[in-house]
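Okay, so here's the structure we're looking at.
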Amino acid sequence: MTITKLALVLVCLMPVTLGPTEAKVTSLFSKDLPDVPGKEGLMITVQYPPGGSDPIHRHNAHAFVYVLEGSIVMQVRGRKEVTLTPGQTFYEGPSDVHVVGRNASQTKPAKFVVFLVKDKGAPVLLPAN
């Protein structure tokens, strides 16, 4: 066996470690909204690693997105996919199904802040049916 073939075989046998592709969500602030009974405001950051994405989901809330770093791709069912860069915004309503949420880059992370107005104590994320 030649050295080239041996090297190729060894490379193919090496374990492949793929980095995490799940988003990291950090809660920043939560506040009851006394003028809107039963509702709360919640502010979170979401960090997508390179190539990171979310599963299809809903928020059952008003969600206001502001991109801080990198580039993200967003889409809710029935609307066009959009690519957002720092300083750009996105909105999801309580009945929207978030069908695309991902980092547009395979090499750089992305980070955005989300402000949600939701039912007090309700989960932030719900699987879509």
Side-chain angles (χ1 to χ4, degrees):
M1 185 177 279
T2 67
I3 292 178
T4 305
K5 287 181 183 176
L6 179 60
L8 182 59
V9 168
L10 290 175
V11 167
C12 290
L13 293 175
M14 290 174 58
V16 176
T17 303
L18 299 176
T21 60
E22 293 183 10
K24 177 184 173 190
V25 178
T26 304
S27 181
L28 299 175
F29 183 72
S30 178
K31 175 77 173 140
D32 289 349
L33 301 175
D35 293 343
V36 189
K39 299 287 183 181
E40 66 182 342
L42 174 66
M43 190 178 297
I44 61 174
T45 57
V46 179
Q47 291 180 276
Y48 287 142
S53 64
D54 289 326
I56 295 173
H57 64 273
R58 306 182 54 230
H59 293 289
N60 203 25
H62 294 277
F64 301 86
V65 174
Y66 181 83
V67 180
L68 299 170
E69 301 170 12
S71 182
I72 61 173
V73 181
M74 298 284 183
Q75 181 183 15
V76 294
R77 187 169 286 149
R79 287 196 256 154
K80 290 176 58 174
E81 182 177 285
V82 295
T83 300
L84 306 166
T85 57
Q88 292 186 305
T89 59
F90 187 78
Y91 170 78
E92 293 178 54
S95 61
D96 286 333
V97 175
H98 194 149
V99 295
V100 176
R102 65 178 167 83
N103 189 337
S105 174
Q106 295 294 316
T107 60
K108 296 179 183 175
K111 183 176 181 180
F112 54 99
V113 66
V114 183
F115 175 71
L116 298 127
V117 177
K118 64 181 201 61
D119 289 340
K120 184 177 168 140
V124 173
L125 190 101
L126 301 167
N129 294 336

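In terms of heavy atoms, Pro94 sits closest to Arg58 at O-NH2, 2.7 Å. Here the closest heavy-atom approach between residue Leu116 and residue Ala61 is recorded as CD2-CB, 4.0 Å. For the pair Val25 and Val46, the tightest heavy-atom approach, listed with the atom from each and the gap, is CG2-CG2, 4.3 Å. Shown here for Gln88 and Thr85, the closest heavy-atom pair between the two residues is OE1-N, 2.8 Å.
In the hydrophobic clustering of ILVMFWY residues, with side-chain heavy atoms under 4.5 Å counting as a link, Phe29 and Val124 come out apart.
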- request: List the steps and the verdict of side chain to side chain contact (heavy atoms under 4.5 Å, CB included) for His59 and Leu126.
  value: CA-CA 6 Å; His59 293 289; Leu126 301 167; over 6 Å; no
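Here the straight-line distance linking atom CG of Asn103 with atom CZ of Phe112 works out to 9.5 Å at 0.5 Å rounding. To the nearest 0.5 angstrom, Asp32 atom CG is 11.5 Å from Leu42 atom CG.
Note on residues 104-113: pairs passing side chain to side chain donor-acceptor pair (under 3.5 Å), not counting sequence neighbours, are Ser105-Thr107. Applying the side chain to side chain donor-acceptor pair (under 3.5 Å) definition to pairs two or more places apart or across chains, those involving residues 40-52 are Ser30-Glu40, Glu40-Lys118, Tyr48-Asp54.
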Could you go through residues 62-76 and list every donor-acceptor pair under 3.5 Å that involves a side-chain atom there, pairing it with any protein atom two or more places apart or in another chain?
{"residue": "His62", "atom": "ND1", "partner": "Tyr91", "partner atom": "OH", "Å": "2.5"}
{"residue": "Ser71", "atom": "OG", "partner": "Leu84", "partner atom": "O", "Å": "3.4"}
{"residue": "Gln75", "atom": "NE2", "partner": "Arg79", "partner atom": "O", "Å": "2.8"}

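Of the charged side-chain nitrogens involved, at least one lies within less than 4.0 Å of a carboxylate oxygen, so that Lys39 and Asp119 count as a salt-bridged pair.
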